[in-house]
Number of protein chains: 2
Amino acid sequence: MSTDPSLPGKPVRVTSFDVAERAGVNQSTVSRALAGSPQVTPATRERVVAVAKELGYTVDHRASGLRKGRTDTIAVVILQRPEDKTPTGNPFYFELLGSICEAASERGLETLVSLQSENGRLTGDYVKRGQADGTIVIGSARNSTAWGFFQQLQRSESSLVFWGSPFDEARWIRSDNVAGGALATRHLIDRGYRRIAFVGPLETGPGQFAERFEGYCDALAEHGLEPLQASHYPDGDRIAQGYHAALELLDRNPDIDAFFAASDRLAFGVLERVRESGGDVPDKCGIVGFDGMSAGTVCNPPLTTVAPDLEKAAKALLAAALDDDKRGTGRVPVKLIERASVRALPAGKSPGDC
Amino acid sequence: MSTDPSLPGKPVRVTSFDVAERAGVNQSTVSRALAGSPQVTPATRERVVAVAKELGYTVDHRASGLRKGRTDTIAVVILQRPEDKTPTGNPFYFELLGSICEAASERGLETLVSLQSENGRLTGDYVKRGQADGTIVIGSARNSTAWGFFQQLQRSESSLVFWGSPFDEARWIRSDNVAGGALATRHLIDRGYRRIAFVGPLETGPGQFAERFEGYCDALAEHGLEPLQASHYPDGDRIAQGYHAALELLDRNPDIDAFFAASDRLAFGVLERVRESGGDVPDKCGIVGFDGMSAGTVCNPPLTTVAPDLEKAAKALLAAALDDDKRGTGRVPVKLIERASVRALPAGKSPGDC
DNA sequence: CTGAAAGCGCTTACAG
DNA sequence: CTGAAAGCGCTTACAG
């Protein structure tokens, strides 16, 4: 009984009935007062609030959610490669997650997080299960089974939104990848680099890397320059892939003087290889990454990179997931973060004149 | 009515009653069958399961939780400094969060994540609100207001566990910091470094840094060496603090040949300063960090560091939060991750003989 | 403005 | 082994 809180064992739950009794009002009045309903007298509200505080009462989220038909929480599933152990998974997604939590909190929502990798254990029906009002799916483009699963699920489960999905149906939010690729490439061209290679496996088909590559090609074409790519990427993580791509590219094209890597982690691998082969970054060789990862501040030299606006990304994802946004697809603007892996603008030049 | 799913507007929720009707059994039988109760015939169970699948039925988590008096979710609050914007917050906590999510998932629990920094908006009563069965608090030791809040809250709200709390009351899990500090320091001594400085502000009083410092002093004492610390740390992030500490220390003690930094981010700052002043890492100057952050693999040279076992940390935190573990406090073992910021063992030497 | 009552969708004694 | 019923703790029409 909630009338004897001194009972040993499990703590007794204080309910709105307890508050009602103590405040001398009906339970429904307690509910209204605490919900801030305008149809309750300030005087009663104050009394109820005081008693609630005294008793340490808080509305039970399950009960109110059940009754209201809402959950006031957003689910975020982060896809990982089965072979990635968590701490080594891509930190970029945790940075995005952070922004989502913040945006959710600002809208008065809680955030439920699910890390998923194993194919037998994929789930996305948080809405149906009454655990969330919408679901955001982000994460590694490399877990194609998982993406297939969610592509399928998306047909029956609405209020599912994707960040960087490798398919165009469904609702999604993405970086403005084409603009970002062009931005990075023009930045290199402006600084006098001419033989600029692209690093990023494209065989996954349409996707973010392909879009970044497109922007890269566009910018090169503007200046009559030729694209240049690696022919092969090993398995393994992005850093290893970047390393090997740079190895191969430099081997076959010793005249390369810059790299645009489709992600920061690829860029870290490129940087490692360039340094190893005695290349001088940024003077003889420029490098630009993509993602704006905070780890880019600690490498040597710090990595110049293209970063999506995570705050806007988070807001757009929430809006799409909660069905505010009818269209449900959108591009997030990117900006260039200048660090030190690209040399300064030649004296007397301004961006754009080459 | 759930009898007309073709109605436009909000999607109709399929309930256990719908399944029951279709399967020709009572609603309670549906519940039992889906819960895997042994007291339901295999034949009925199969029928129920089939119908549930056909109708796309899933148990409503709010309703079952309300009835069962559980939530099957764990809340994780991540404390940040008010001045830290999310993406720059300490990535270590996201790595720990990842491990917690994984451990939770293995126990069949969902994970609710809350990023908190502003003093007016601190909350930790997820259990009381029926949103979680336990709460784990991790995050920046520097938000002292927040820690004060939770120290207070912990007295009324049980099932609150802390990672690295700056106070000893309450339940907590921590790295074995003293052992870790000694481990790092002995590693440097074994490799021939003799003038080893400690980097890490201690003025926050008892806490993880102080424990690491203790281990550092222990190891030095074993070899008759003198401790050495910076006298002052600026405001700003850990990287800046590490940078300025190294600056001051090197200025006043040009003979320093190694640094043990109480966190990886401090170490990044130290590394930056040493490099800038022309120091040769690792040959003339060794550096060891603490945390095992993945960013340590991309700095140059990659950072040797002491890492807590995150998997064990996550499991211990869960156990303590869910009240399995009566004691509620514990130390997580640490290990040394050798990378390249410390030189190799002198020829003919083995660890321990100096 | 407040109260009495129904009902959100389950689980679990209680019967049989 | 299955069914009928109560009840978890709320919110919200419905009366007054």
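Residue numbers begin at 1 in each chain, while the letters A, B, ... track the order of the sequences.
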Which nucleotide in the set C/dT2, D/dT2, D/dG9 lies at the smallest distance from any side-chain heavy atom of A/Val40?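 Output: C/dT2.
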If you check the B/Thr15 side chain, which of D/dC10, C/dT2, C/dG9 turns out closest?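 Nearest listed nucleotide: C/dG9.
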Got A/Pro308 and A/Leu310 here, is their nearest side-chain heavy-atom distance under 4.5 Å? yes
So do A/Arg121 and B/Ser105 actually touch side chain to side chain, heavy atoms under 4.5 Å? yes
Note: for B/Gln39 and B/Arg67 on DNA chain C, the residue whose nearest nucleotide lies more 5' is B/Arg67
Name the residue closer to the 5' end of DNA chain C, choosing between B/Lys68 and A/Arg47 according to the nucleotide with the nearest heavy atom.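 The 5'-side residue here is A/Arg47.
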May I have the distance from [X] (atom [atom1]) to [N] (atom [atom2]), rounded to whole angstrom?
X	N	atom1	atom2	value
B/Leu34	C/dG9	CG	P	16 Å
B/Arg129	D/dG9	CZ	P	17 Å
A/Arg13	D/dG7	CZ	P	18 Å
B/Gln131	D/dC10	CD	P	13 Å
B/Tyr57	C/dT11	OH	C1'	10 Å
A/Leu66	C/dA6	CG	P	18 Å
A/Lys128	C/dC8	NZ	C1'	19 Å
A/Arg70	C/dG9	CZ	C1'	18 Å

Please figure out whether A/Ala35 or B/Gly24 has its closest DNA chain D nucleotide nearer the 5' end.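 That would be B/Gly24.
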Would you classify B/Thr58 as touching base, sugar-phosphate or nothing, given that sugar-phosphate means primed atoms plus P, OP1 and OP2, and contacts are heavy atoms under 4.0 Å?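 Sugar-phosphate contact only.
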May I ask you to say what A/Ser64 touches in the nucleic acid, namely base, sugar-phosphate or nothing, with a heavy-atom cut-off under 4.0 Å? sugar-phosphate
Taking side chain to side chain contact (heavy atoms under 4.5 Å, CB included) as the definition, give me every residue that meets it alongside A/Thr123, ordered by chain and number, with sequence neighbours left out.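 With neighbours one apart ignored, the set is A/Gln116, A/Asp125, A/Tyr126, A/Arg129.
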Whether the side chain of A/Gln27 and the base of C/dT2 hold a donor-acceptor pair under 3.5 Å is what I'd like checked. no
With a 3.5 Å cut-off and heavy atoms only, can you find an N or O donor on one side and an acceptor on the other between the side chain of A/Arg32 and the base of C/dG3?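 Under the 3.5 Å cut-off, the side chain and the base do form a donor-acceptor pair.
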OP1 or OP2 of [N] under 4.0 Å from side-chain N/O of [X]:
X	N	answer
B/Thr29	D/dT2	no
A/Asn26	C/dT2	no
B/Ser28	C/dT11	no

Could you check whether the rings of A/Phe162 and A/Phe167 sit parallel, tilted or perpendicular, using 30° and 60° as the cut-offs?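 A/Phe162 vs A/Phe167 ring planes: perpendicular.
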Under a 3.5 Å cut-off for both contacts, is C/dT2 paired Watson-Crick or G-U wobble with anything, and if yes, with which nucleotide?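 Partner of C/dT2: D/dA15.
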Pair B/Asp168 + B/Arg174, salt bridge at N-O below 4.0 Å: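 The answer is yes: the pair qualifies as a salt bridge.
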Which is it for A/Tyr93 and A/Trp163 under the ring pair (Phe, Tyr, Trp, His ring centres under 6.0 Å) test, yes or no, and what are the steps along the way? CA-CA 10 Å; A/Tyr93 294 108; A/Trp163 170 264; 8.2 Å; no
